[in-house]
2 protein chains.
Amino acid sequence: MSNVTIKTLAKELKLSTGTVSKALKDSHEISSETKLRVHELAKKLNYVVNPYASSLRKRKSKTIAVVLPEVADSFFSLAINGIESVAQTKGYHVLIYLTHENFLKEKEILNDFKSGRVDGVLISVTSETKDSTHICELLSSDVPVVFFDRVFDDIETAKVTTNDFESGYIATKHLIEKKCKRIIYLSISEDLSIINKRMDGFKKALMDHRLKMSENDIVYCSNDEYKNFDIIKKRMSVNPKPDGIIISVEKLTIPVYAVCKELGLKIPAKVKIVSFSNLASAFILDPALTTITQPAYKMGEAAAALLFKALEKPNFQIRKQQVVLPSVLTIRKSSL
Amino acid sequence: MSNVTIKTLAKELKLSTGTVSKALKDSHEISSETKLRVHELAKKLNYVVNPYASSLRKRKSKTIAVVLPEVADSFFSLAINGIESVAQTKGYHVLIYLTHENFLKEKEILNDFKSGRVDGVLISVTSETKDSTHICELLSSDVPVVFFDRVFDDIETAKVTTNDFESGYIATKHLIEKKCKRIIYLSISEDLSIINKRMDGFKKALMDHRLKMSENDIVYCSNDEYKNFDIIKKRMSVNPKPDGIIISVEKLTIPVYAVCKELGLKIPAKVKIVSFSNLASAFILDPALTTITQPAYKMGEAAAALLFKALEKPNFQIRKQQVVLPSVLTIRKSSL
DNA sequence: ATAATTTACGCAACCGGTTTCGCAAATAAA
DNA sequence: TTTATTTGCGAAACCGGTTGCGTAAATTAT
C-alpha cells in the first residue's frame, strides 16, 4: 500500500492538506499555478487517493455490486461484460457476488450492502427466492437496486428483462409448426418469474393450437447436473413420449443432448429442441441448436445504465423503470 | 445507506463508542454482560459496520481484485467460481476487472491498487503484456499478487498454472499417432508465455517424430473474432494444407469449426482437431471435440488459497510459490 | 487490613481525505 | 483614495470505526 498521502504532498509543497485536496480536484478556489505544482508532484510521487478515506467522508463508494446465481453461464458472463464496460467508463468499481442459487446467501450478501459498501446493486435473483424483504430493506436504506433477467415481480424497482412470455410462445409455436404433438417444457424453478413467463407462453401456444398438455409435461429440474440427467431421462422414457422440448435455461441443454444420445433419440427426427441459450457454440453442436437468444450484453449494459442514471440524478424515478429487450429465435437443425 | 452507526448504539446504551466497538469484536476487555447488550441492540437495529471507516483505520480492505482478460470464456468463468467460493468462506469481497486484452487498461487498473483498495490481486495478464513494471510496482507497494494461468515468467511471485508444455506435447503427439502429417498451431499472442509453452510442446513433439514444420504452421490470430475466421480460412486454403490443428485457446474453436464447415473439410476425416478448452459442450459438438481441459475451478481455488495464505501469514514466502495442476486430454471424435 | 492485580470501561488520537468557513491579500469599483 | 469584491489558501470539523493508554472499581493476594 502506498505511503504517499495527501499529507506528503502538503508538506513537500508547504500547503495545507485541504488545499492539496482541492487542487487535485481542480477546485476554483485554487490558483492554476498551485494546481500545477500539486499535480506535478502527485504524478511524480505516483500519488493515488485512498478510496476508503474518500468514500468514508463523501459517503459514496464509486462501487456497485453485481449479484448473480452463477457465472459459468453464457448469459451471465455476457451480462457481466456489459455491466463492467459501462462501469469502467463511469469510473465505478464492480464487486461480484455469486449466490449459487442459494437464497440464504443472497440474503446475507444484500444485508451487508446496508453498510454503504456499494452505491447500488444489480441483481439476478436465485431460483429459490420467494421472499423479497431483503431487497425491500435495501431499497429503504436508499440503495438503488436494478433487477436484470431474473426479476422479482412484486417489487417496484427498475427491471431489465427480455420478452419472456412472447419468446416462450414463439419457441413453442415454432415446434408446433414443425409438427410436434407432444412438447415438454423443462423448468428449473417453480418460483422464478421469467421461467414461469416463458412457461405461460408455452402453455398459451399449446392452447391456441389445441394441443394437449399434462402435468408431467412441465419437468422441474434441479441445481444438480447429475440429477438433471436422470430427471430428463426419466421423462423421455415415459409415455406419452415428447417429440419436442423447450429448454428454458441454457445449462439444461447439455443433459438433454446427452440423454437423447444415450436413448438413441435422434434430434430432430425423433425429438425437436429449442433452447433458451446464449451458447456461442450453438451452431456447431450436433445437431446445431435452435435457440432463443437473449440480448445478454445489452441487458447488462441497460441495467448498469439505469443504475448509474439513478446514482447521478437523485430525482430520477428509478423505481418506475422497465426495460424490455427482445430475444431472438434462431432456427437451426435441432428443430427442423 | 444505513444511518445506525456505532454512535447510535453507544448513545442508546450509554457507553462510549470505543467500548461498543470492542464489544462487537468480542474483546476481552469488555464484560460479557455488556457484550450481550451491545450485540442485542446491534441486531435489533440491524447495525452493519461501515467497511470504509473500518478499512481506513485498519488499513485492510478485506477485498481482493481479480483481473482478467475477459469473462465470456469457460476457463475464466470457472476460475472465478473457484476464486469466489474461497473468498466467500474467508469473508473477503471480490472486485472484478476486465482488461479485454488491453495492456493499457491493465496498467491503469493495477496502478489504482496502490491506493490500498485491495489487499491482494489475482491476475491473468493480457495477450499484449510484455512489460511487467506495473506489476513490480504493485509488489513493491506490498500488495501480494498471484498469477493464474496467464503468468508473466520474469517476475518472482506466486503462480498457478497448468502443465502447458507437456499438454502441448501430448496433444500434438496424439494427432501424430492419428497419422497427421501437417499439424498447425493456432496462437493468439507472440508474448503470452502459456501459449508459447504449449507451442514449444507442439514443436518438440513434431521434432521428436521428425515431422516438418514451416513458419506459417504457427498461425497468429487476433482479438477480433471476425478476423480470426478469415485468418484461419486463409491458412486452411494454402498449401501445404494441414491435416491437424492444435487450437491453443478456447475461443478459436468456433471459428475453426465454422471454417471447416464452410470449406467442406470434414472433421476428423480431412482434418483432426485438438483444442485447449473448458467448453462444457465439447462432447455434443459436431463432431465431439477432443480437448485439453484445464482444471479451471481448481486453479482459481489454488490461486485464491495462496493469496489468502499470504494475507493471513505475513511471513509466508508467497513469491516462491508455484502450483502446477495437470490438464487432461479427453479424446473425442474430432481427432479420431 | 493493606497491597497488588485484574476487570471494565472511557478518553482521545488516529486512519486519509473532504468541505465549510474565515480571513488576509489582491483586485475592481466607486 | 476609499470601499466592495474577488481570489487563494489555511484551520478545523468531520466521516465512522479502531486502538493504545489511563484509571476507578472490583477482585485477589499477602
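Quantities reported herein were computed from a predicted structural model and do not represent experimental measurements. Order of the sequence lines sets the chain letters (A, B, ...), proteins ahead of strands, with each chain counted from 1.
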| task | Answer with yes or no whether the side chains of A:K309 and A:Q321 bring together a donor and an acceptor at under 3.5 Å. | result |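 Per modelled atom types, A:Q321 and A:K309 side chains form no pair under 3.5 Å.
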| Would A:T99 and A:E106 count as having a side-chain donor-acceptor pair, cut-off 3.5 Å? |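 Note: A:T99 and A:E106 side chains miss the donor-acceptor criterion.
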Using atom [atom1] of [X] as one end and atom [atom2] of [N] as the other, report the distance to the nearest whole Å.
X: B:R59; N: D:dT19; atom1: CZ; atom2: C1'; result: 14 Å
X: B:H28; N: C:dC9; atom1: NE2; atom2: P; result: 12 Å
X: A:Y47; N: C:dG16; atom1: OH; atom2: P; result: 10 Å
X: B:K58; N: D:dG20; atom1: NZ; atom2: P; result: 12 Å
X: A:L56; N: D:dC14; atom1: CG; atom2: P; result: 14 Å
X: B:I6; N: D:dT19; atom1: CD1; atom2: P; result: 11 Å

| request: Map A:E33 and A:G18 onto DNA chain D by nearest heavy atom, then report which one ends up closer to the 5' terminus. | output: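 In this pair, the answer is A:E33.
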| Whichever of A:S31 and B:Y52 has its nearest DNA chain D nucleotide further upstream toward 5' |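 First, find each residue's nearest nucleotide; the 5'-ward one identifies A:S31.
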| message | Restricting to non-hydrogen atoms, name the atom on B:V48 and the atom on A:D112 that form the minimum distance, rounded to 0.1 Å. | response |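 That closest heavy-atom pairing would be CG1-O, 4.0 Å.
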| said: Within this structure, what is the CG-OG1 distance for the pair A:L192 and A:T126, rounded to the nearest 0.5 Å? | reply: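 Those atoms lie 7.5 Å apart.
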| said: Could you measure the distance from the CZ atom of A:F113 to the NE2 atom of A:H134? Nearest 0.5 Å is fine. | reply: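 Those atoms lie 10.5 Å apart.
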| Nearest listed nucleotide, side chain of A:K7, among D:dG10, C:dC15, C:dC9 |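 It is C:dC15.
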| message | So, under a plain 3.5 Å distance rule, would you say the side chain of A:R57 forms a donor-acceptor pair with the base of D:dC14? | response |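 Under the 3.5 Å cut-off, the side chain and the base do form a donor-acceptor pair.
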| Counting only distance, no hydrogens or angles, is the base of D:dG10 paired donor-acceptor with the side chain of A:K22 under 3.5 Å? |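 Side chain to base: pair found, below 3.5 Å.
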| Phosphate contact (D:dC9 OP1 or OP2) by A:S16 side-chain N/O below 4.0 Å |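 No, because none of the side-chain N or O atoms of A:S16 sits under 4.0 Å from OP1 or OP2 of D:dC9.
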| message | For the helix from C:dA1-D:dT30 to C:dA30-D:dT1, what angle separates the axis at the start from the axis at the finish, each from five pairs, in steps of 10°? | response |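 Taking five pairs per end, the axes differ by 40°.
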